[in-house]
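See structure below.
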Amino acid sequence: MENLKLEDLKYEYSNGQQVLKGIHADFESGKVYAIVGPSGCGKTTLLSLLGGLDEPTSGSIKVAGENINKLGLLNYRKNKVAFIFQSFNLIDYLTAAENVSLLTTESPYPMLEKVGLTKEQAKRSTLQLSGGQQQRVAIARALMSKANILLADEPTGNLDEETAMGIIELLKEAAHKMNKCVIVVTHSHELARNADIVYQLKGGLLQITQIT
Amino acid sequence: MSLFKRGLNSVIRKPIKSVLLVTILYFISVLLLMAVGISQQQTVVQQEIKNQVGGSFRLELNGEEAFKRAEPYTELVEIFEGGEMGVGGERFYTLDREDIEKLSNVEGIADINILSQALAFSPINFENDQTQASRGRHNPIDDDVWLTGLLNAELLDEVSHGFIELKEGRWIEESDEGAEILPLVISEAIAKKNDLSLGDSLEFEWQDHELDAVLEHFDWEREEPIKMSGTIVGIFSVQRPMEVILNLMSLENTIFTSLNFSDDVFAQVQEEDRFHTRYNLAIFDVVEAADYDQIRENILNVDADWALYNLVDSDEMLSRLSSDLEGLHQVSTLMFSVVMVAGFGMLWLIFILWVRNRNHEIAILLAIGIEKTKIVSQFIFEALLVAVVAFSLAVITMPVASQWMDVKALSTQLQSQVGELDLVLEMGAVSSDTTDSVMTDDFYDLASSTVTMTAQSLLVVMLSLLGLISVSIMVAMIPVMKMKPREIFSKMN
């Protein structure tokens, strides 16, 4: 189990505006965490820091007790975290199966089947898949990686309600059955309702608002 | 998935972009191939010139020095209205026979050919060849033949370059010097016209119209007319008709005879000491080309009147002959450089757009933990893959492409340069309505081929192209690669 621990995390933009003002949080494996908050409160910034795409102004992020800077951000992104984006972000000239295989040599078909794609669908170009199918491929790619921490930025933002529910179920399954630590930034009430723990980011600080 | 597989998929599955890049790289490849090919052609032609020139030395008169020596003894005589000739200093306008003998004895010299002056004679019992006149070419002395003194013929440019070829009998030999009967080697054209064969006698009369004016000026007497006769010992055929610059007569009307024949002519003129056989040219052939430099040094160490001579070795001849080709070589070098620079500029702009359109892909790859170096490598691999296709097409279509791009004009210029080389060799002016020349047909075929491509030159072009592409992409990717992942991430959203 790899816990993700934030200690007094602060972040300041280049113009001096402090968006995160000392965040303390613990994220455990096997749970779905939702981070909610108004637009512009710094949710995406927090996710960037959690994903190793940027460095905090001060404070630390530790995974399994080790500071991610010591691990190396590239190594951290490659092995410890996996991203699921709002706009799926699949590589358009690769098929669904090839997108899932970007970081692994294992066969992608079992995982794709797990997320609800047939083999025939898996062999299609991503441009030939629906939004929901593309997001499933993105989840499959994240699940295929070695990472135990899944970071999702508005994963249901571009999907209809029914499709979104399917994705939410997948994320829950990833956490509860595959013991991943799933952290989701979302505006979706439905998704927040389905999370195990909901954090609200307000005033640069993180507060728990819901525990299921 | 490896970067190679990703790259291959990108190239194959985005055909429009790939085809556009192939097209641009194809044209760059063709231009580079042409530049290198033309340069290679020059090198091949220059080497062929070297082979044709061979290892030899030519002893020529230093005209400036001769004039300086002759001037105090020279009087100007009017030979026709408005035309004058210097008389009195003739003895300075010749190579010294003793010096020639000394040089021929230098170790390493195999053979020697000597050419002495030519004099115009009117045929008495035969007629000259009128072929040149029938072609409409200018012939200042219509009915005359020219007797030219000769010792050995094999090294003469006319013979060694295939302009004339012995058909029957023999050339003039050393034993002919001082012979009682003048040996004559005539052209096949004269032989056929007059039904002549080996052993027949010819008579002619000296027609030096300039000499008439000289004799009149100095009030000298001579036996009128000065007649000569000789026996045909050889017949040569003219393989390529041309005009010999020195005496302005065609080869058909040239009769080779013993080296010192003019002594017999001048013996019939009073004040004979003013007129001597003039040796115009001596050619020395080396035994071993490898010893060329040592032989040259030995020659220059001979005690001879070097101020009066120009010793032209084949390297100097080569550089004289190939200096014009150097100009074309510089053109091809310039062409190569321009294409490389312009190609870099064009590719850099294309790749900037190419990379910009793939920011999304770059962000995804960075986000999932793929290193920047691998992303750059993938892009380079894609471009190189396309380049290989473009280059292969360029090589295959080279002959057609070069014609379409009017490289034939360069080839024509190359042929023209080779044609001018004939003039430099003083083998005769090549008239504009014929391709006859000193150089063999094979040589002209060589010069006329559009480009010459060797494995080495193909490799040079390919490596240049690959280097050009790699550098262009890397430079184009600098702005993106300098961005932090967060910046790229925000572009994704």
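Note that these values count all heavy atoms, side chains included, but never hydrogens, waters or copies made by symmetry. Chain identifiers are assigned alphabetically (A, B, ...) following the order of the sequence lines, protein sequences preceding nucleic acid strands; residue numbering begins at 1 within each chain.
With rounding to the nearest 0.5 Å, the separation of CZ in B:R6 from CG in A:N99 is 10.5 Å. One distance of note links CD1 of A:I91 with CD1 of B:I362; it measures 10.5 Å at 0.5 Å rounding. Atom CE of B:M1 and atom CG of A:L103 lie 10.5 Å apart (nearest 0.5 Å).
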Go through the steps for B:I364 and A:R141 under the test side-chain contact (heavy atoms from CB on, under 4.5 Å), then give the verdict.
-> CA-CA 12 Å; B:I364 295 169; A:R141 183 176 66 190; 3.6 Å; yes

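Both the backbone and the side chain of A:T95 come within contact range of chain B, each with at least one heavy atom under 4.5 Å from a heavy atom of that chain. Of the two parts of A:D92, only the side chain, counted from C-beta on, holds a non-hydrogen atom closer than 4.5 Å to a non-hydrogen atom of chain B. The part of B:R358 that comes within reach of chain A is its side chain, from C-beta onward, which places non-hydrogen atoms under 4.5 angstrom from that chain. Heavy atoms of B:I12 lying under 4.5 Å from chain A are absent altogether. Looking at A:T45, both its backbone and its side chain come within 4.5 Å of chain B, counting heavy atoms on both sides.
Around atom CG of A:L127, more than 12 heavy atoms belonging to other residues, nucleotides or ligands sit under 6.0 Å away. Other residues, nucleotides and ligands contribute only 12 or fewer heavy atoms inside 6.0 Å of the CD atom of B:Q456. In this structure, A:Q18 places its CD atom where more than 12 heavy-atom neighbours from other residues, nucleotides or ligands lie under 6.0 Å away. More than 12 heavy atoms of other residues, nucleotides or ligands shown are found within 6.0 angstrom of NZ on B:K14. More than 12 non-hydrogen atoms from other residues, nucleotides or ligands lie less than 6.0 angstrom from NZ of B:K17.
Using a 4.0 Å cut-off between charged nitrogen and carboxylate oxygen, A:E98 and B:K5 do not count as a salt-bridge pair.
A 4.5 Å side-chain heavy-atom check between B:L366 and A:L53 finds every atom pair outside the cut-off. In this structure, the side chains of A:L74 and B:K372 stay at 4.5 Å or more apart for every pair of heavy atoms.
Between A:L94 and B:R13, the shortest heavy-atom distance links the atoms CA-NH1, 3.5 Å.
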